[in-house]
Amino acid sequence: MARRDLESGGGRTKNNRTEENYTAHESSNLYEADTHWTSWLVPMFVVANIAVFVVSMYINNCPKNNLGLQGGCVAKFLGRFSFEPMQENPLLGPSSSTLTKMGALRWDNVVNGHQGWRLVTCIWLHAGIIHLLANMLSLVFIGIRLEQQFGFVRIGVIYLVSGFGGSVLSCLFIRDHTSVGASGALFGLLGAMLSELITNWTIYSNKAMALLTLLVIIVINLGIGILPHVDNFAHIGGFVVGFLLGFILLPRPQFGWLEQRRLPAGVRLKSKYKAYQYVLWIVSLVLLAAGLTIALVMLFRGEKGYDHCHWCRYLTCVPTSKWECSNGS
């Protein structure tokens, strides 16, 4: 699955071939040369998330603010950075009131309190150190590779817009619970990986294996979201937005277009992208703009997502004999 970044001069290659007609194998070397962008934005995102968590623990100050009704603070030797009692927050983190104060996502605050900024700030907050570590490891594993391939601008846009889209869908369906985390943005990167594979299908050598592997990863992660207390709507919203953005931001030029400088004068040049890439670009742009607009209008009009999709409650929690679901409807 080795690929070559083609942004801003990243497509420069050393190729000794002089014939005008070259094989697909020779052409694929344009993508297989392993030139990368330097990844700095994703590490900055990781540092920012960790810093916000440290600040939230400082503000939380469990020894001072905890009344002891649900037990004592965890890891008291950390002083004001100690965690809330396990009964209140089993993920080892601050209280829900602290998260709400710092910008956690909650329907009443967003709609009735006119605090739309929470749709963005909640992406940078985490419920606990376990939650933080899981998301940051995923971000490093997925994000750095993508940034090296496509540059910080496109990956940064996908991360932030996907996180926003996940927040919008979550708030549209879940009213009575506080939601935080970068999961929507992370699922956006997964969605973009899938659409990038589809739109650049011809440059991959092991297409079926790449697609199967990615689909298995996506299905497993979305499947985890049907467990109770997991906000799968943020995951789904982020994934869909990232999937559409991948078609818009991550198509790669045709081989012939990349080699146009080597063609004799007067030779007709190929289009930069294939026809199906243009079609996917237009359709995805329309769907993304229309989807976000409709969702935001519904949200700020106070509409419930479940009124338009009764079965959607099963997307975030499937009731079993071992647990019950509360979807905040």
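Sequence positions, counted from 1, serve as the residue numbers for this chain.
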Notebook entry, point to check: Angle class for the Phe233/Phe173 ring planes (parallel below 30°, perpendicular above 60°, tilted otherwise)?
Noted result: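 Rings of Phe233 and Phe173: parallel, under 30°.
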Notebook entry, point to check: What class does the angle between the rings of Phe239 and Phe243 fall in, given that below 30° is parallel, 30 to 60° is tilted and above 60° is perpendicular?
Noted result: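 If you compare the ring of Phe239 with that of Phe243, the planes turn out parallel.
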Next item on the list: Please assess Asn61 against Asn65 for the test side chain to side chain donor-acceptor pair (under 3.5 Å), listing each intermediate value before the final yes or no.
Entry: CA-CA 6 Å; Asn61 195 359; Asn65 299 319; 5.6 Å; no
Check: Given Phe83 and Met57, is the side-chain contact (heavy atoms from CB on, under 4.5 Å) satisfied, shown in steps?
Finding: CA-CA 8 Å; Phe83 309 114; Met57 293 305 303; 3.5 Å; yes
Check: What pair of heavy atoms forms the shortest contact from Leu99 to Pro94, and how long is it?
Finding: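 In this case the closest contact between Leu99 and Pro94 is CD2-CG, 3.8 Å.
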Notebook entry, point to check: What salt bridge (charged side-chain N to carboxylate O under 4.0 Å, His left out) pairs are there with at least one residue in residues 125-140, not counting sequence neighbours?
Noted result: none
Margin query: According to salt bridge (charged side-chain N to carboxylate O under 4.0 Å, His left out), does anything in residues 216-226 pair up with another residue at least two apart or in another chain? List the pairs.
Written below: none
Next item on the list: Mind running side-chain contact (heavy atoms from CB on, under 4.5 Å) on Ile174 and Trp107 for me, showing each step along the way?
Entry: CA-CA 7 Å; Ile174 300 178; Trp107 181 88; over 6 Å; no
Notebook entry, point to check: Does any non-hydrogen side-chain atom of Leu250 lie less than 4.5 Å from one of Ile158?
Noted result: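 Yes, their side chains come closer than 4.5 Å.
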Check: For Cys171, what residues pass the disulfide (SG to SG under 2.5 Å) criterion, not counting sequence neighbours?
Finding: none
Check: For Leu186, which of Asn221, Asn135, Ile142 qualifies under side-chain contact (heavy atoms from CB on, under 4.5 Å)?
Finding: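 The passing option is Asn135.
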Next item on the list: Take Gln277 and Asn200 through the test side-chain contact (heavy atoms from CB on, under 4.5 Å) and record every step on the way to the result.
Entry: CA-CA 8 Å; Gln277 289 177 306; Asn200 301 317; 3.3 Å; yes
Notebook entry, point to check: Can Tyr306 be reached from Trp311 by stepping across I, L, V, M, F, W or Y side chains whose heavy atoms are under 4.5 Å apart?
Noted result: yes
Item checked: Leu280-Val283 co-clustered via ILVMFWY side chain contacts under 4.5 Å -> yes
Check: Using the benzene-type ring in the case of Trp, are the ring centres of His126 and Phe53 under 6.0 Å apart?
Finding: no
